[in-house]
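Here the structure comes first, spelled out in C-alpha cells, and everything after it is commentary.
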Amino acid sequence: METFTIPTIYKNKSVPQLIKIAQKWFNQMIRLRDSENGMFKCISCGRYKSVDQLNAGHYLPTTYGSVRFNPLNCWGQCIACNMHKHGNQ
C-alpha cells in the first residue's frame with residue numbers, strides 16, 4: 001500500500017488554518033470555472049461583470065461542512081448579490 005506524506009508547509013497548521021487555505025484555493029477554482037475572457041455572468045442577477053466583481057457564492061452556507069467544498073453548491077456571483085443581497089435568497 002502506498003503511503004501519503006503531508007507536505008511540510010501544512011504540518012504545523014491547525015484545522016481552521018487548513019480550512020482557510022482550502023477555501024482560498026476552492027474559491028479560485030470557482031472563479032476560473034465560471035469566468036471567461038475576464039468576464040462572468042452572475043448566477044443570481046444574470047448580469048455580466050468583470051471578474052474583479054466575482055465572489056464564489058454558496059447556495060447552502062459554508063457552515064454546512066459537508067457541502068462547503070462541493071462545486072455544485074458554489075457558483076460565480078457578483079459582490080452585490082452575494083454580500084449585500086444575501087445571494088438573493
Side-chain angles (χ1 to χ4, degrees):
M1 182 176 202
E2 206 172 315
T3 59
F4 176 75
T5 304
I6 297 172
T8 308
I9 60 170
Y10 300 122
K11 282 191 176 187
N12 296 322
K13 303 280 187 197
S14 66
V15 171
Q17 289 172 319
L18 291 169
I19 289 172
K20 186 176 180 179
I21 292 167
Q23 190 70 59
K24 174 188 163 194
W25 288 107
F26 177 77
N27 291 351
Q28 181 63 25
M29 188 257 324
I30 297 300
R31 287 183 182 98
L32 290 170
R33 180 194 69 186
D34 292 350
S35 65
E36 187 175 334
N37 298 323
M39 300 295 287
F40 78 100
K41 182 179 179 181
C42 177
I43 191 73
S44 297
C45 68
R47 293 187 179 132
Y48 285 92
K49 297 191 177 187
S50 172
V51 290
D52 64 342
Q53 294 293 306
L54 191 154
N55 276 175
H58 290 79
Y59 181 71
L60 296 174
T62 58
T63 53
Y64 294 101
S66 63
V67 294
R68 181 178 199 139
F69 299 112
N70 184 334
L72 297 177
N73 182 50
C74 192
W75 300 93
Q77 193 173 45
C78 70
I79 294 170
C81 288
N82 192 32
M83 304 297 284
H84 307 294
K85 298 178 184 175
H86 305 287
N88 294 344
Q89 293 178 345

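Note that the structure is predicted; figures quoted are calculated from it, not measured. Scope of the values below: all heavy atoms of this structure, side chains included, with no hydrogens, waters or symmetry mates.
In terms of the side-chain hydrogen bond (donor to acceptor under 3.5 Å, both in side chains) criterion, residue partners of S14 (sequence neighbours excluded) are, by chain and number, Q17. Every residue was checked against the ring-ring contact (aromatic ring centres under 6.0 Å, His included) condition with Y64, not counting sequence neighbours, and none meets it. Partners of N12 according to the side-chain hydrogen bond (donor to acceptor under 3.5 Å, both in side chains) rule, which considers only residues two or more places apart in sequence or in another chain, do not exist here. In this view, Y48 and M39, K41 satisfy the side chain to side chain contact (heavy atoms under 4.5 Å, CB included) rule, not counting sequence neighbours.
Note that CD1 of I43 is 8.5 Å distant from CD of Q77, once rounded to the nearest 0.5 Å. Residue R68 holds its CZ atom at 7.0 Å from NE2 of H58, rounded to the nearest 0.5 Å.
Residue I30 belongs to a hydrophobic cluster whose other members are V15, I19, F26, M29, F69, with links defined by side-chain heavy atoms closer than 4.5 Å. Hydrophobic cluster membership for F40: L54 (Ile, Leu, Val, Met, Phe, Trp, Tyr linked by side-chain heavy atoms under 4.5 Å, directly or transitively).
In this structure a side-chain-to-backbone donor-acceptor pair under 3.5 Å is present from N70 to L72. Remark: the backbone N or O of G57 is not paired with any side-chain donor or acceptor of N82 at under 3.5 angstrom.
Between C78 and C42, the shortest heavy-atom contact is N-SG, 3.3 Å. A pairwise comparison of heavy atoms in I79 and D52 identifies CD1-O, 3.9 Å as the closest pair.
For residues 26-40, the side-chain hydrogen bond (donor to acceptor under 3.5 Å, both in side chains) pairs, not counting sequence neighbours, are Q23-N27.
A continuous path of Ile, Leu, Val, Met, Phe, Trp and Tyr side chains, each step under 4.5 Å between heavy atoms, connects W25 with L18, placing both in one hydrophobic cluster.
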